[in-house]
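Since the structure comes first, as structure tokens, the remarks are kept for the end.
First the proteins, then the strands, lettered A, B, ... as listed; each starts at 1. What you see below is based on every heavy atom in this structure, not just the backbone, and it leaves out hydrogens, waters and symmetry mates. Given the structure is predicted, the values throughout are model-derived calculations rather than measurements.
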Amino acid sequence: MIQIENLTKIYAANNFKAVDDLTLTIDDGEIFGFLGPNGAGKSTTIKCLTGILNYTSGRVLINGVDIKDAPLAAKKKIGYVPDEHIIYEGLTGLQYINFICNVFDVAPAKRKERIDKYTVLFGMQDKISETISSYSHGMKQKVSIISALVHEPEVFILDEPMTGLDPQSSFQLKTIMTEYAKAGKTVFFSSHILEVVEKLCTKVAIINKGKLVTVCDMTELKEKQSDISLEKLFLDLTKPSEAL
Amino acid sequence: MSTFSQYKSLLGIIIRNSLSFRKAEKSRQKNKQVAIKIGIGLAIFMIAMYAAVMAGILADTLAQQGLLGDFLYTILFGAQFIVLFFGAAAVMSYIFFSKDNALLTSLPLNPKAVFMAKFTMAYLSELLFSALILLPTLTTIGVLNFIRGYGLAWHFFLVELLAVALIPIIPLLIISLISMPLMYVISYLKKRAVGNGIAMAVLYIGIMMVYLFVVLGFSSTTGSAATPEGVLIPESTLNTFATIKKVTIFNYPLVEAFMNRSAALNLLIYVAALTVVLFAALGLVSLFYRRALNILSEGQGSSRKSKKKTQTVENNSLFRSFLLKEIRTLTHTPVLLMSTLSSIVLVPVMMFFMSFTMSMGAEELPNDMMVIASITFVAYLMSASTNQIAVIGFSREGKNLFVLKSLPISAKTIIDSKLLFAMCVTAISAITAGVMFPIASKNTSISAIIGLPLIVLFGGFNMNCTGLLNDLKNPNLTWNNVSELTRNNKRVLKPMMLALGLGFAYMFGGIFLAFQNALKGELLYFAYFGVCLLPLLILSFVSYKRLYASPDALLEKLEG
């Protein structure tokens, strides 16, 4: 469960309010989509949730643990797929995943089993021992996803996870996200691909200019307002102000 | 996972990552490996020989006067100062401006473990400087001890090895701890990139102040003092020794160990004191480091400009646009800015240092030629081999170079902007050298005041052309932090080797002229600078022609 309470992030350098009094609760067993136009504050919010950025005010709880008060304990619960690629390009995919396993204390037996499982699932078994610098964009993304999954996190946070993935891997990731939710874990992800969000998510939040615009229950949207697509809703709610 | 296990795991990963890139680069240049190794060996040998000869001459004189202990303080201070100076870039690069910081802050890693792993990387990169200063100087003293009998014990060499390993710790800790509050201040600046640059400047100015007040002994008086043996040693030198001893009193146990006074106990005290300082620093790190990294991670999000500025349309020529891009890249890359600043600052600093060293005992010489030659040597060497703007001109583009390659522009335009930018820095160094020369050497020869800046200017031009060409032929586009490009890098070696060779020729040529009687006064200086300038003019012409021979074909060859 992720609880975001009155989260505000102001960049000290220019007083820019990137996230403005955001309150959200993502329950266990939910796949929560986080939408917004470019520069709306999605990545800033995710970086606050994962402890990369300090926030100005508010509170973020990861399964009840405050990320500010107990950062290490909170981060232990998170599997995070960033929007940027792995930095250690001189390592092989396997070396990098092993490093993440070390950080999260994954037992050797489980480590091997999970690495085998996910590398096969994402079609990386032949490439995992090669250096990351030789990987394509999509392959780097796969290693990033595998390393977020390998410690079986309670909370799975993904920033634009589908970028660069081939259709098979994209399908596998969606399956994993669904299985995670079914297992009672929390999945929170940002995306611009509205079709994926529409099909996959149980709830969707739309953010614009740092402010929460709406939170909609996808089941309700599908059942009660079948004539309104997520795309139309998104475009209506995030419509730029009238041209100059 | 304990903090120590996290440290071990992270350090292993960082080292493996760094080594992997070097291995890849080595395999790309297999046929050049032997030549490169010989080059590195020769460069190290020449520097070590120079340090050893200087140490030998001074140690013998000072040991006779009972000042060997003071000299050891000075050597240790010299090594610490060099680490302090060059280590600032390493600390900034590894600890604060590394690309992996965002990833590491998202993981459940103790900030102490992250800091220590990064600190260890900075330490390992600085070990070379410590070894380069301490090994030749201290080994020379140790060997002379057996010949002349200074009263030192056999374990002098063991203490020497320990000193090489321990000396970089204190200066690197000082920089790390000073940097943390600086990061706080920067986070509140509107133009953070400029703020980072200012932080670097503050660090360097601080270091330079220490240097000027301590080494140059500004408070010292002129004249000479007689030692108990009746030999005259300049009073300023004695004052400098005394000041260094006071400032670096923390080296007392190490010097005592060197001097064979309760060596084991003193070593134990030194190591214990370092451990205490290290743990105290770690205590501070746990308070500030995570916050510092969080602040630095804000870089991307805080780059929004004011509305007015966003709407400003810059309509520049292609060349001007590229030149502006170069300048902005420099001001937005703190480590590069710092490296550039140091290349400018190093010229006068080393000029003063050489003037100070060479003036000891130069009274018997018929003219200032030895001092002038030494100053010319360092001014040329420092300006030609430390300006790394051109040397990594293409590498620092990273994968952005392929975007440049896709644009409808010629390689000549890109090279023009990079060369002109590098030459701006060289020109500042040249002007600085011309202004500082009469102050450092106390000589107002017009030939020298004009000749020295010209040597720096054309020396820099030659190196910039050669550096750009080498980098265009084989750039490193997959780096993690700029420090990997600017340090321990073969790209830097080639021009440095040439500079070193020519620099030594300038110095020995000057020493030869100092002892001849055919030329005197202004004519002597005119002949010296004229002869020095000639090869540089030829080399500049050749390297310029080579650089512009087929740049488009070289750019075309680059593949991602």
Side-chain angles (χ1 to χ4, degrees), chain A residues 9-16 18-19 39 41 43-44 46-55 68 70-92 95-96 98-106 131-134 144 147-148 151 157 159 244, chain B residues 1-3 5-6 8-10 12-24 98-111 113 184 186-193 195 290-291 293-306 311 477-481 484 560:
Chain A
K9 170 66 190 171
I10 301 171
Y11 285 108
N14 55 5
N15 261 341
F16 176 74
V19 181
S43 288
T44 301
I46 288 179
K47 281 178 180 165
C48 290
L49 300 188
T50 50
I52 295 174
L53 288 181
N54 258 337
Y55 39 90
K68 224 173 207 174
L72 297 194
K75 286 175 192 177
K76 273 250 168 194
K77 298 174 189 296
I78 300 172
Y80 169 52
V81 179
D83 59 343
E84 284 160 6
H85 286 305
I86 297 157
I87 302 303
Y88 299 123
E89 293 206 355
L91 304 179
T92 65
Q95 284 171 339
Y96 178 74
N98 259 314
F99 164 65
I100 297 293
C101 287
N102 288 340
V103 171
F104 283 92
D105 276 330
V106 181
T131 50
I132 294 171
S133 60
S134 70
S144 201
S147 48
H151 55 94
I157 299 176
D159 198 354
L244 297 166
Chain B
M1 200 182 191
S2 69
T3 303
S5 305
Q6 288 181 353
K8 244 177 34 185
S9 183
L10 182 57
I13 282 298
I14 298 173
I15 291 176
R16 208 178 283 178
N17 185 49
S18 171
L19 290 179
S20 166
F21 276 123
R22 285 190 190 169
K23 227 195 262 172
S98 190
K99 278 187 193 170
D100 60 357
N101 284 342
L103 167 78
L104 298 178
T105 42
S106 77
L107 296 175
L109 288 167
N110 192 317
Y184 272 96
I186 289 165
S187 75
Y188 294 100
L189 293 179
K190 286 214 163 182
K191 294 195 173 213
R192 186 165 308 162
R290 190 195 300 277
R291 166 89 179 129
L293 290 189
N294 285 148
I295 289 167
L296 291 166
S297 299
E298 288 186 8
Q300 290 173 327
S302 60
S303 61
R304 291 161 219 275
K305 302 275 191 297
S306 70
Q311 288 168 351
L477 306 175
T478 49
W479 38 271
N480 281 332
N481 58 60
E484 279 177 21

Next item on the list: Mind ranking A:Leu49, A:Val103, A:Ile78 by heavy-atom pairs under 4.5 Å with chain B and telling me who comes out on top?
Entry: A:Val103
Checklist line | Point-to-point distance, once rounded to the nearest 0.5 Å, from CG of B:Asn101 to CD1 of A:Ile52 | finding: 10.5 Å
Next item on the list: Considering non-hydrogen atoms only, spot the tightest contact between B:Asn17 and A:Gly90 and give its length.
Entry: OD1-N, 2.6 Å
Check: When heavy-atom pairs shorter than 4.5 Å are enumerated against chain B, which of A:Asp105, A:Asn54, A:Ile100 gives the highest number?
Finding: A:Asn54
Note to self: If I take atom CZ from residue B:Arg16 and atom OG1 from residue A:Thr92, how far apart are they, to the nearest 0.5 angstrom?
What the structure shows: 8.0 Å
Note to self: Is any side-chain heavy atom of A:Phe99 closer than 4.5 Å to one of B:Leu107?
What the structure shows: yes
Notebook entry, point to check: OG of B:Ser18 to CG of A:Leu91: how many Å apart, nearest 0.5 Å?
Noted result: 10.5 Å
Note to self: Which atoms of A:Pro71 are under 4.5 Å from chain B, going by heavy atoms: the side chain, the backbone, both sets, or neither?
What the structure shows: side chain
Checklist line | Proximity breakdown for A:Lys9 and chain B, heavy-atom pairs closer than 4.5 Å | finding: side chain
Note to self: To the closest 0.5 Å, what do you measure between CD1 (A:Ile157) and OG (B:Ser106)?
What the structure shows: 10.0 Å
